[in-house]
Amino acid sequence: VCDACWDSRASNVLCRQLGCGTAVAVPGQTWFGNGNGPISHDVFDCRGNETRLSQCAVSSWSRAACSREQEAGVICTGSVLSTLDGTVRLAGESECGGPVEVYYQETWSRVGGSWSSREASVACRQLGCGSAVQVYSSSPSGTGASDVCLTGFECSGRESHLVNCSTPHNLTCSSRERVSIVCSNRRSLRLVGGGGRCAGRVEVLHDGSWGTVCDDSWDLEDAQVVCRQLQCGTALSAPLPSFFGPGNGPVWLDEVGCVGNETSLWDCPTARWGQTDCGHKEDVGVVCSEFKEMRLSEGCSGNLEVFYNGTWGNVCWNGMEEDTATLICQELNCGNTSKVSQTGPRVESAPNWLDHVQCRPHDSTLWQCPSAPWGENKCDKTVALLNCAAEEDENEPRSKLSCSSAKNQRSCTNHWPLRVVGGAGGCSGRLEVFHGGSWRSVCGDSWDMMDARVVCRQLGCVLGQGAHGNATFGTGNGTLWLTEVNCRGTELHLWDCPHSVHSSCRSQNQAGVTCTGLAHCRYRLLWTV
């Protein structure tokens, strides 16, 4: 397995499956010597609480070239820890926060009933995770190794191990509620507000609360470490402060000073946690090379294009099947059927990013479908052209169809297909949003250049003369849906902007935009507008 496609969450699942406790290290760079046979580029997208690797979503996309010097390894705590009564583990994504499971009488069981801060403090101490910050009940998507719950733990709070507390008793679980804890040493990192896990405002979890990072001293080296820690490739840019909007809660970090080769943001020198004079207008954001998006050039029809490594590019046709096209239409909220054909690229200089995309029945998103590696193709200037539609008896977008956050189910998205009509070319006209099975207009009340800037960016066009109201490009079918749009101008998508729906609007005041033409450039250039 390539070390670029493997992380600590997948390692924890593997150690658990092998009966070897939890992962204490994930050495790469062929730490244990070269293996034999081909190198797998599959990305195991585990949450960390699965009991077997086969329960993790698997993407067949090659995130990076891999050689024999980049084979992944795992070091587990050892099976001895899994055979001691009273051994504690947390079933979430973090080693120091999540649902509690205890090994007792030769089986792992979840903890039911109620815990106080005393029992939680002992468990955090036993895990080496500091003190207890929070105790709460959660409803899991699945149980641990059995349907048996442990109850009856009573601790003073000073014990070093749960076995020193009162002896628990087990019972058959009649409720899906389970005890979860958060310890003080739990730290986590995420990107928020960018439309994907590899772009957005930087937020860190500390002392049980999510907070932000101040832009003082923040540069591309700091962004590089964030992208590496999240397994999102390399940093394309460290955008301007508050580019992804202001966050909430504390500003946890300030004066971050990474060299750029650290594996985690926690390895970088910073000011003390929470000690800063920054406000949320200075919250930093990051865009990484693994940030991916897709779009159809005319909203719910047109050329299929994907954004990768900072650039929009084409998807080759090469016999793409309708099942693959249908999954794409569903993911874009454009209906549940599709016709696919071939055409030429919109921008001759755009890269051909993908070829031989063949989605399987269990794939829930385009990014899980097998394909040729990024940039390796035999397009011959024939790219995929899709025309999405809804079946007559199911005339609803994907947001109204059956969707779920569960693995291998259609994922629910907030994607709004956009198009402009009534103008010249594909970059000017009356703005329309696809919703409820039909195209609907946007109210021009309060519509301004900041709103137009976001639309032009999302359409892949360059901002020109800007915003229009008063039905400059006609009135369409008269159905208005989106009103009171109030963008800052830095959002990546229209749906990221504050807005209202179904509010009053003068019927003749419909929003439009005039952009100057197609843009083929990197996001960091678009940000300078």
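Reckoned from all heavy atoms, side chains included, excluding hydrogens, waters and symmetry mates.
Between the side chain of His280 and the backbone N or O of Gly249, at least one donor-acceptor pair lies under 3.5 Å. Without hydrogens or angle criteria, Arg125 side chain to Gly157 main chain gives a donor-acceptor distance under 3.5 Å. A distance-only check finds a donor-acceptor pair linking the side chain of Arg228 to the backbone of Gly260 [under 3.5 Å]. At least one donor-acceptor pair under 3.5 Å links the side chain of Ser166 to the backbone N or O of Gly152. Counting only distance, with no hydrogens or angles, the side chain of Gln458 and the backbone of Leu418 share no donor-acceptor pair below 3.5 Å. Side-chain atoms of Glu71 come within 3.5 Å of backbone N or O of Gly35 as a donor-acceptor pair.
Considering all non-hydrogen atoms of both residues, Ala199 and Val287 come closest at CB-CG2, 4.1 Å. Considering all non-hydrogen atoms of both residues, Val135 and Trp115 come closest at CG1-O, 3.6 Å. Trp266 and Val204 make their closest contact through CH2-CG1, 3.7 Å (heavy atoms, listed as atom of the first residue, atom of the second, distance). Here the closest non-hydrogen pair linking Trp218 and Val226 is CH2-CG2, 3.8 Å. Of all non-hydrogen atoms in Gly247 and Asp283, the two that sit nearest each other are N-OD2, 2.8 Å. Considering all non-hydrogen atoms of both residues, Glu119 and Ser116 come closest at OE1-OG, 2.6 Å.
Annotation: side-chain contact (heavy atoms from CB on, under 4.5 Å) contacts of Ser156 (sequence neighbours excluded): Arg158, Glu159. With sequence neighbours excluded, the residues that form a side-chain contact (heavy atoms from CB on, under 4.5 Å) with Leu14 are Trp6, Leu18, Leu53, Val74. Residues forming a side-chain contact (heavy atoms from CB on, under 4.5 Å) with Asp219 (at least two apart in sequence, or on another chain): Glu221, Asp222. In this view, Arg488 and Glu491 satisfy the salt bridge (charged side-chain N to carboxylate O under 4.0 Å, His left out) rule, not counting sequence neighbours. Glu262 meets the side-chain contact (heavy atoms from CB on, under 4.5 Å) test with Val225, Cys258, Val259, Asp267, Cys268; sequence neighbours excluded.
Sulfur-sulfur distance for Cys497 and Cys487: below 2.5 Å, consistent with a disulfide. For the cysteine pair Cys369 and Cys359, the distance separating the two SG atoms is below 2.5 Å. The sulfur atoms (SG) of Cys15 and Cys20 lie 2.5 Å or more from each other. Between Cys198 and Cys227, the two SG sulfurs stay at or beyond 2.5 Å from each other.
Residues Arg89 and Tyr103 fail the side-chain proximity criterion, which asks for heavy atoms closer than 4.5 Å. The shortest distance between side-chain heavy atoms of Val202 and Thr212 does not fall below 4.5 Å. Looking only at side-chain heavy atoms (C-beta outward), Val13 and Arg9 stay at 4.5 Å or farther from each other. In this structure, Val357 and Ile328 have side chains that are not in contact, with every pair of non-hydrogen atoms separated by 4.5 Å or more. Met294 is not listed as a side-chain neighbour of Trp353, based on a closest heavy-atom distance of 4.5 Å or more. Here the side chains of Phe153 and Val102 are in contact, with some heavy-atom distance below 4.5 Å. Between Gln224 and Thr234 the shortest side-chain heavy-atom distance falls below 4.5 Å. Using a 4.5 Å heavy-atom threshold, the side chains of Asp277 and Asp216 count as touching.
To the nearest 0.5 Å, the span separating CG on Leu150 from CD on Glu101 amounts to 10.5 Å. In this structure, the separation between CZ on Arg197 and CG on Leu230 is 7.0 Å, given to the nearest 0.5 Å. If you take CG on Asp323 and CZ on Arg360, they are separated by 13.5 Å, rounding to the nearest 0.5 Å. Note that OG of Ser188 and CG of Leu265 are 11.5 Å apart. Values are rounded to the nearest 0.5 Å. In this structure, Asn486 CG and His499 NE2 are separated by 11.5 Å, a value rounded to the nearest 0.5 Å. For the atom pair CG (Leu236) and CD (Glu290), the distance works out to 9.5 Å, reported to the nearest 0.5 Å.
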query = Passes disulfide bond (SG atoms under 2.5 Å apart), Cys288 versus Cys232? Steps please.
reply = CA-CA 6 Å; Cys288 308; Cys232 285; 4.8 Å; no
task = Just do the side chain to side chain donor-acceptor pair (under 3.5 Å) check on Tyr308 and Glu293 with the steps written out, would you?
result = CA-CA 7 Å; Tyr308 177 72; Glu293 282 197 288; over 6 Å; no
Leu482 vs Leu494, side chain to side chain contact (heavy atoms under 4.5 Å, CB included): CA-CA, chis, key distance, verdict = CA-CA 10 Å; Leu482 200 63; Leu494 188 63; 3.9 Å; yes
task = I would like to know whether Leu205 and Val182 meet side chain to side chain contact (heavy atoms under 4.5 Å, CB included); could you show each step before the answer?
result = CA-CA 11 Å; Leu205 181 65; Val182 176; 5.7 Å; no
task = Check the pair Cys278 / Cys214 against disulfide bond (SG atoms under 2.5 Å apart), numbers first and verdict last.
result = CA-CA 6 Å; Cys278 292; Cys214 179; 1.8 Å; yes
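Judged as a ring pair (Phe, Tyr, Trp, His ring centres under 6.0 Å), the pairs with a partner in residues 185-209 (not counting sequence neighbours) are, in order, His206-Trp252, His206-Trp273.
Other residues, nucleotides and ligands contribute only 12 or fewer heavy atoms inside 6.0 Å of the CD atom of Glu154. For Asn248, the CG atom counts as loosely surrounded, since its 6.0 Å shell holds 12 or fewer non-hydrogen atoms of other residues, nucleotides or ligands.
For the side chain to side chain contact (heavy atoms under 4.5 Å, CB included) with Ile181, the qualifying choice from Ser121, Pro99, Cys96, Cys124 is Cys124, the only one to do so.
Salt bridge present: Glu203 and Arg201 bring a charged side-chain N and a carboxylate O closer than 4.0 Å.
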